[in-house]
Amino acid sequence: MEETLKNGILVFAVNGKRYELPSVDPSTTLLQFLRTETCFKSPKLGCGEGGCGACVVLLSKYDPQLKQVEDYSVSSCLTLLCSLNGCGITTSDGLGNTKGGFHSIHERFAGFHASQCGYCTPGMCMSFFSALINADKANHTDPSAGFSKLTASEAEKSIAGNLCRCTGYRPIADACKTFAADVDIEDLGLNSFWKKEDSRDMKVSKLPPYDPSKNLNFSTFPRFLKSEPAAYLDSRKYPWDTPASVDELRSFLQSNLAENGARIKLVVGNTGTGYYKETQRYDRYIDLRYIPELSIIRFDHIGIEVGAAVTISKLISFLKEENKINLSSYGKLVSQKLTQHMEKIASPFVRNSASVGGNLVMAQKHGFPSDIATLFLGLGATICVMTSQGHEKLTFEEFLARPLLDSRSVLLTLLIPFKKEGSSTCSKFLFETYRASPRPLGNALAYVHAAFLADVSSHGNGILINDIQLAFGAYGTKHPTRAKQVEEYLTGKILSINVLSEALKLIKQAVVPEDGTTHPDYRSSMVVSFLFKFLFCFTNVGPMISGGLLNGITLVEEVSESNKDGCISEGKPHTLLSSAKQVVESSKEYHPVGEPMKKIGASMQASGEAVYVDDIPSPPNCLYGAFIYSTRPLARVKGVHFGYNSLPDGVAAIITFKDIPSGGANVGSKTIFAPEPLFADDLARYAGDRIAFVVAESQRSADVAASMAIVEYDTENIDSPILTVEEAVQKSSFFQVPPFFYPKQVGDFSKGMTEADHKILSAETRLGSQYYFYMETQTALAVPDEDNCMVVYSSSQCPEFTGSAIASCLGVPEHNIRVVTRRVGGGFGGKAVKAMIVSTACALAALKLQLPVRMYLNRKTDMIMAGGRHPMKITYSVGFKSNGKITALHLDLLVNAGITEDISPVIPSNFIGALKKYDWGALSFDVKVCKTNLTSKSAMRGPGEVQGSYIAEAIMEHVASVLSLEVDSVRNQNVHTFESLKLFYEDCAGDIGDYTLPGIIDTLATSSNFVRRTEMIEQYNQKNIWKKRGISRVPLVYESVQRPTPGKVSILSDGSVVVEVGGIEIGQGLWTKVKQMTAYGLSLIESSWSEELVEKVRVIQADTLSLVQGGFTAGSTTSESSCEAVRLCCKILVERLTPLKKNLQEQNGSVDWTTLIYQAKFQAINLSANSYYLPEFSSMKYLNYGAAVSEVEIDILTGETKILQTDIIYDCGQSLNPAVDMGQIEGAFVQGIGFFMLEEYLTNTDGLVVTDSTWTYKIPTIDTIPKSFNVQVLNSGHHEKRVLSSKASGEPPLLLASSVHCATRAAIKAARKQLKLWGKLDESDTDFYLDVPATLPVVKTQCGLNYVEKYLETLLDQKSS
């Protein structure tokens, strides 16, 4: 074994198991290896960019210098396998599993309801485990039993880089914080371990035990790796060189191979490929990590020298440690600020691999918007580069300006110089860094970042600037720049308002975004804001006037004196989230239904053992597919080629519409309205249209070939494409809405307008799209079977329709197609119609080639093809009384449906249904569903309802601003009475006892302390110039529709029960509710058996040939419909078994379940029952009610919005499972935050999606959710016509997230009011429209891009007067 290591063979361990690879493609990533060559499937492919955390594993490596093993998290999707020689890898299924027992992390995640679809959960667990294991190795005080050395703040930050689209993060944070030594156990939320009334000690004792000394059943760094330090890989066996010195590196780069044009790749962490995707192959890889000069970090009186191969995390750790010990006051200041800033770069699992030098080289060669480059430019760092001519020592500006580094040039080291601190006590150094980005904790590129260094001294009553360096980056130029003209202006000047004003004018001229930069005006405004923030507190304006702007500015003197021992006093670290309340009212009436039972398989999801489609092992000879899509919106396709005659290596076939068999049809998906073609024929009709399907030997080969494909287009004699709803109207390009789906108008609009005191006419609003961002992208596996049959494993919300679409395409009967779906890694509507296309393409290729074919869409292709939420243009006219009571509303609604109907004809009904939540007096509308040359838009969580509910709030805001009334009072004026509710919603309004909204609104006002907080916010805004707060209360009325749903319950001979339902488990807890319902339904024969029966029930995967008429899992009601179908089955079984039970009791006195079933089988009683739940037409529609209060704080300088608190009350009727419903409420709300505040869905001029990666599309993360998140699941009692009195929870709460947007508008209004008071706002301070999403640039723009300048003008005006 030792010989193997010495002989340069690639050896590493995975979960303690030894792997030896005599040969390997050096471009192979760890994730590819784990998922294709091992049984460990817990690391998932979520993005392939290091941007989501689904693939995170623990890497353990021996450090020969420190003589200890280092453990840290990495993105396995970016980590090259050859870089792991002598390393140990731990995955979540190695951490714990069903066979060896789950780790306490897994059990606590499950018990805190922190896993829904489960696709992100293993990565979450490993990010947290990495933080846990390192905290426990730290030299900190030992915690009490059951806890770790981790703090609550560190626990939250450990998962800050991981994305989750289901849970809303709060329960994940709680699960992690259970390990924290400083956690207040009373702050933790709903869980399955303890009861609320338990004592603290009792609660701790009920948690799954944690003992750091017994973390694993194996060592993360096994003995066989310890026995011999890893030798370098043999470069004769692998195209992987590992130079041990700079001289050796030079010889590699100047070798004959390099001279002959070989493609060479320099490697440290390979994280750059997450941003710059590579399709080319390299002849040699050179690993720089073992060159001592490139791995050093050292400091002396000159400065800090950092080797180019040092990881960002190691530099942060070094700066933190040295900061506390040996550095001068200047060094400590620089270290502290660098550390704080660099911890916001990327995420921990990327920083752990990404090198400082690699980051800077990307900035120099490719214009990567590097924070580090800006920081080092601001500090005047110097660079050492090795070129073919020798070593170059360059200033940072020279490095950025030099010709691009070629393949033989290597960045070796950089030096952060220390300033010499003079003997003068009045001279001080200032160093500050800034960044404005969509996420506070990082994992997002900044709009602008800056680093400012100044030498200042006291001069009379002012501050003299002796020297200053101003560096700006990411604002829209290729490289960071110094604002030298401004530096020269400020140097030697005493700071004053006049000087600062002039400096800000100059900075705006000096730092200018290039043409084509997004949000250029915002970025220019940030440049001004940052310099203002840096210098203003040193002007001759008193701190009272500065409005608290001093926060965050640290003087060297203050740093050095902040602690007697010279250490920086960081204070108690603040947690991201404060205490939150989850209030549930479980019901015992239908036990175990109504219990907050944890989700089925949650621990298994956490360990990564839950099987998703892509986890199914590939059958022999399996091929892989990828789509070639159009980048033009309307063009004739002349051909597809690869730049040469033959197909690329590894490609087996190119499938097009011409390969559809005779008798088949060009059908990719089906809805009740119309099919969508699988492929473009001779004409591509939109950007993203599928032209062909590449089939290759691996998924990577297929993806690379698809990206290399060259499509020849011809647009001669072709009409211009229709890309906007206005163009659609102009060309009368519409889809028909069947009369049955067209909503009804209410009242007489003309009469209502006549009664109005005021009118708003033809106000316009636009809403954009939203991408699903399910963590598991679209995926399918098609396996040919006998007799022209096909088995298709699909991640689908509607397997029945998938099977039908495949059969139509292949021209075979539907009974030839078996579609199997076990679970879906997030859907939100995106795995309904759009999933059919992926399955159909795989099935067609499998039929043609008679081999299994599978596909896992890469994230970019998925984002381009997904379609997403419907964009809309809304024009409204509204009449209203002086008290805010609305008398009439008319809307003209243009819905952008894209190229095919999909489900778009239902959008008008959904939109109007949600809009009707207020009493409009009279309501009329004209709705057009527009056909455009864009991807077909599809159902996305609350399709149409989200937009309709928001427009209702936007109108309320508009009316309030016209009347100068508080918007809450206008809302209250227009909340329905039961009579008006019946008028607008007719029969689905139910009985008066069902109408719980008025009570919810009143209760929420009390529980959230709404009135008092509103007053406090008013006082806060009067006292604060730079931060403003807003609060908003929003009601919810949501119309739900039940659908027919099948069910089947079978009792096996040992008494265990197997259940099939039409509904698909997509993370919404459907299986859990069905399991509870089955136990309840069967326990009607004997109530004391209910607990036993819960453990005997297993819900199994959907199979279209086993249970037919499964329908769509959509609309939030499939769980309750599936439960009712199961209850009907159980009723049949109970009726069959009851006579036998009575006989056995008469004979034996008592009988248990197992005996009853044994006797039933012996007596040939049918132990299987099918049902088809058909809801009554009169009651299949019903209304859901809820309300939310949200409070936000905006930073006027940057436009950043913090959600301070959200309080929600949501009526679930009698919840089937309050814990599951709580998770749905929180998760939906946070997804709504994404739509209203964060997620920009952008296309180019051809309609091609350009926000097509985790780099450009930002869903919520743990640092963007409400700091305090309080949710009450209301048990509103008995509802006769509902399934055991329950109501839906999956989609409606998403609409309540508009409360955050409305609160943001209120905060902006306060900022504009401030401008008005200064006399610096020409327009109305209340009448403005806030775009959706209200991103930083949007908020800042409405506050005033020139707010700083206006403030300074006001001060100068006051001074002159």
Side-chain angles (χ1 to χ4, degrees), residues 29 31 43-56 73-79 117 119-124 126-127 159-166 169 269-278 344-354 359 362 368-371 437-447 474 518 703 707 769-778 825-826 828 830 856-866 868 1230-1231 1233-1235 1237-1243 1249-1265 1333 1335:
T29 65
L31 182 65
K44 311 294 184 191
L45 177 59
C47 67
E49 300 170 335
C52 73
C55 69
V56 170
S73 58
V74 296
S75 280
S76 61
C77 73
L78 300 178
T79 304
C117 87
Y119 207 76
C120 72
T121 315
M124 288 274 186
M126 294 314 297
S127 285
I159 55 166
N162 293 72
L163 303 184
C164 172
R165 195 56 150 166
C166 295
Y169 298 101
N270 197 49
T271 55
T273 58
Y275 191 77
Y276 298 106
K277 310 296 190 299
E278 292 182 346
K344 296 176 183 177
I345 298 172
S347 53
F349 47 81
V350 171
R351 293 196 297 267
N352 291 339
S353 301
N359 184 283
M362 286 200 305
F368 179 73
S370 161
D371 286 69
S437 85
R439 292 172 178 157
L441 276 188
N443 200 22
L445 294 177
Y447 294 105
T518 58
D703 286 336
S707 67
S769 189
Q770 183 183 21
Y771 170 61
Y772 305 97
F773 218 107
Y774 26 62
M775 293 302 296
E776 170 204 47
T777 60
Q778 302 283 6
F828 320 113
Y856 187 87
L857 249 63
N858 62 66
R859 182 62 70 179
K860 177 177 180 176
T861 304
D862 195 290
M863 295 185 81
I864 285 171
M865 292 186 176
V1230 170
Q1231 195 170 83
I1233 291 173
F1235 177 65
M1237 301 301 295
L1238 294 166
E1239 297 173 35
E1240 288 186 286
Y1241 186 97
L1242 304 176
T1243 61
V1249 175
V1250 292
T1251 44
D1252 56 7
S1253 70
T1254 56
W1255 291 94
T1256 53
Y1257 193 85
K1258 296 300 177 185
I1259 69 169
T1261 41
I1262 191 173
D1263 51 343
T1264 55
I1265 69 169
T1335 57

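Only a predicted model underlies this, so the values are computations on that prediction, with no experimental measurement involved.
- In terms of heavy-atom proximity, Pro369 sits nearest to Leu445 at CG-CD1, 3.9 Å.
- In summary, the aromatic rings of Phe828 and Tyr774 are positioned with their centroids too far apart to meet the 6.0 Å limit.
- Although no hydrogens or angles enter the test, the distance criterion places a donor-acceptor pair under 3.5 Å between the side chain of Arg859 and the main chain of Gly46.
- Residues Glu1240 and Tyr1257 have side chains that never bring a donor and an acceptor to within less than 3.5 angstrom of each other.
- For the pair Lys1258 and Leu163, the minimum side-chain heavy-atom distance is 4.5 Å or more.
- When only modelled atom types and interatomic distance are considered, Thr1256 and Ser1253 share a side-chain donor-acceptor pair under 3.5 Å.
- Ser75 and Gly50 get closest at one heavy-atom pair: OG-CA, 3.6 Å.
- At least one side-chain heavy atom of Tyr169 sits under 4.5 Å from a side-chain heavy atom of Cys164.
- Distance check: Thr1251 OG1 to Leu1242 CG gives 5.0 Å after rounding to the nearest 0.5 Å.
- Note that CG of Leu857 and CD of Glu776 are 11.0 Å apart. Values are rounded to the nearest 0.5 Å.
- Side-chain atoms of Thr1264 and Leu1238, non-hydrogen and from C-beta on, do get closer than 4.5 Å to each other.
- Remark: Cys120 SG to Asn162 CG distance equals 7.5 Å, nearest 0.5 Å.
- In terms of heavy atoms, Pro1333 sits closest to Gly1234 at CB-O, 4.4 Å.
- Asn359 CG to Ile345 CD1: the interatomic distance, rounded to the nearest 0.5 Å, is 6.5 Å.
- You'll find the side chain of Tyr772 stays beyond 4.5 Å of the side chain of Arg165, heavy atoms only.
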Yes or no on side chain to side chain donor-acceptor pair (under 3.5 Å) for Glu278 and Thr273, after CA distance, side-chain angles and deciding distance? CA-CA 6 Å; Glu278 292 182 346; Thr273 58; 5.8 Å; no
Assess whether side chain to side chain contact (heavy atoms under 4.5 Å, CB included) is satisfied between Arg439 and Lys344, documenting all intermediate values. CA-CA 9 Å; Arg439 292 172 178 157; Lys344 296 176 183 177; over 6 Å; no
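- The distance from atom OG1 of Thr777 to atom CG of Leu45, rounded to the nearest 0.5 Å, is 6.5 Å.
- Put simply, the side chain of Asn443 never gets that close to the backbone of Ser347: no donor and acceptor are under 3.5 Å apart.
- Looking at Lys44 and Cys55, their side chains never come closer than 4.5 Å, going by heavy atoms from C-beta outward.
- Between Ile1262 and Ile159, the closest side-chain pair of non-hydrogen atoms falls below 4.5 Å.
- You'll find the side chain of Gln770 stays beyond 4.5 Å of the side chain of Tyr1241, heavy atoms only.
- When all heavy atoms are compared, the tightest approach of Gly442 to Asp1263 is N-OD2, 4.3 Å.
- In this structure the side chain of Tyr447 reaches within 4.5 angstrom of the side chain of Thr1335, judged on heavy atoms.
- A side-chain donor-acceptor contact under 3.5 Å links Asp862 and Tyr771.
- For Val74 against Ser353, the heavy-atom pair with the smallest separation is CG1-OG, 3.3 Å.
- By the 30° and 60° cut-offs, the orientation of the rings of Trp1255 relative to Tyr275 is perpendicular.
- Here Met863 contributes atom CE and Thr1254 contributes atom OG1; the two are 8.5 Å apart, rounded to the nearest 0.5 Å.
- The two residues Cys117 and Gly826 make their nearest non-hydrogen contact at CB-N, 3.4 Å.
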